[in-house]
Amino acid sequence: MMTIDTNAFLIIFTASLIAISCGLLGVFMMLRKMSMTGDAISHAVLPGIVIGFFISGTQRGIEVIIGAGLLGILATLIIDWLRKKAKVQLDASIGITFTLLFAIGIILINMLAYKVDLDQECVLYGEIAYLPIDLWITKSGFSMGPRITWLAILNLLLVITFIWLLFKELKLTSFDESFGIVLGIPAGAINLALMSMVSYTTVSSFEAVGAILVVALLVVPPATAFLWTKQIKSLIKLTIGIGIGISVIGYYLAFWLDSSIAGMMVSVAGFVFLTSAILTSKKSKFKFGTQSKEEAFSS
């Protein structure tokens, strides 16, 4: 029988793993000015969920995750095509894509699954408080612990491996895509690989912590870190630290106030960002007040 302390550790540990995975990918998404693609994916995957449900016959089948992941990749491809080929602004292409695919998902539900309790909440809006009772039980009856924790570990290993193998390419194409192309880097393939990894990571994390927290972890820690540093390695380290801090503080505040864990983590993330924005803006004003403009820009 798990104790309260063990449950707390599992929830914080799993949330931290997901925060690190999302934050690492979020750094490169932010540098490419595509941070809200994660939010688009959270809506666009609904058709894949419906199709995966009809193939597997269950809401928890691997086919549902695969279907959602493929639709996430399709969404990113459509967004990229609209932005580059059709010359549509990024924010507009994101809005067009996720509303179109989400609407198609609703139509599929109404046509094919109107007698089934299947909606976006079945997969996307998870509750991390239930993590300790969602166990991975082997065929022999042995409990391996929370299923989502193992999935979060796998996700983190995949993300770390992906970034380690393509770090130079990701860095160059994120800061200056044209320069990367001149150096012979296949920017299109790198972008597709990044979008695919973002799609898989976000979709596989939805069930554990919910779409809102996943999007927050993808956007807020990198954006907060960017207020303090512009160096890529420092940015990654600070993003990891902020993600872990959000998970720990958010859990204990939720426990103390008897509130939603995911909601409190998002609130803590927002508070940390706003506080950082205020402090860094004051720091910038101080610099310009005590230095000439040339000295401030060169420092």
Evaluation steps, side-chain contact (heavy atoms from CB on, under 4.5 Å), between I190 and L170: CA-CA 7 Å; I190 296 298; L170 287 168; 3.7 Å; yes
Stepwise side-chain contact (heavy atoms from CB on, under 4.5 Å) test for F273 and I242: CA-CA 10 Å; F273 175 80; I242 292 171; over 6 Å; no
I232/L31 under side-chain contact (heavy atoms from CB on, under 4.5 Å): CA gap, chis, key distance, verdict: CA-CA 10 Å; I232 184 68; L31 294 175; 3.8 Å; yes
Derivation of the side-chain contact (heavy atoms from CB on, under 4.5 Å) call for F255 and I11: CA-CA 12 Å; F255 180 78; I11 291 172; over 6 Å; no
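You'll find the side chain of L17 reaches within 4.5 Å of the side chain of I153, heavy atoms only. Side-chain contact check for N155 versus Y200: some heavy-atom pair is nearer than 4.5 Å. Proximity of N191 to F28: side-chain heavy atoms (C-beta onward) are nowhere separated by under 4.5 Å. Here the side chains of I73 and L192 are in contact, with some heavy-atom distance below 4.5 Å. K171 places none of its side-chain heavy atoms less than 4.5 Å from the side chain of V27. Annotation: side chain of V219 is not in contact with side chain of M29 (no heavy-atom distance under 4.5 Å). Side-chain contact between I79 and M195 is absent, with no heavy-atom pair separated by less than 4.5 Å. Side chains of T201 and F162 form no contact here, defined as non-hydrogen atoms less than 4.5 Å apart.
Here the OG1 atom belonging to T97 is positioned 5.0 Å from the CG atom belonging to L82, to the nearest 0.5 angstrom. Taken to the nearest 0.5 Å, the OG1 atom of T161 stands 10.5 Å off from the CG atom of L166. Rounded to the nearest 0.5 Å, atoms CD1 (I163) and CG (L194) are 8.0 Å apart. Summarising the geometry, atom CG belonging to L100 is positioned 4.0 Å from atom CD1 belonging to I104; distances are rounded to the nearest 0.5 Å. Summarising the geometry, atom OG belonging to S247 is positioned 8.5 Å from atom CD1 belonging to I18; distances are rounded to the nearest 0.5 Å. Here S174 contributes atom OG and K33 contributes atom NZ; the two are 12.0 Å apart, rounded to the nearest 0.5 Å.
In plain terms, the two heavy atoms of P221 and A216 that are nearest each other are CD-O, 3.3 Å. The shortest heavy-atom contact between A225 and L238 is CA-CD2, 3.7 Å. Annotation for M265 and A15: closest pair CE-CB, 3.7 Å, computed over non-hydrogen atoms. Residues S21 and V159 share a closest heavy-atom pair of O-CG1, 3.9 Å. Minimum heavy-atom separation, T280 to L227: CG2-O, 3.3 Å. Listed here is the closest heavy atom pair of C22 and L218: O-CD1, 3.2 Å.
Aromatic ring centres of F13 and F9: separated by under 6.0 Å.
If you chain together hydrophobic residues whose side chains sit under 4.5 Å apart, L71 and L77 never meet in one group. In the hydrophobic clustering of ILVMFWY residues, with side-chain heavy atoms under 4.5 Å counting as a link, I240 and Y251 come out together.
By the 6.0 Å contact criterion, CZ on F271 is open, its count of non-hydrogen atoms from other residues, nucleotides or ligands being 12 or less. Counting heavy atoms of neighbouring residues, nucleotides and ligands inside a 6.0 Å radius, atom NZ of K85 does not exceed 12 of them.
Under the 3.5 Å distance criterion, the side-chain polar atoms of S281 are matched with a main-chain donor or acceptor of I278.
With sequence neighbours left out, the side chain to side chain donor-acceptor pair (under 3.5 Å) criterion links S276 to W228.
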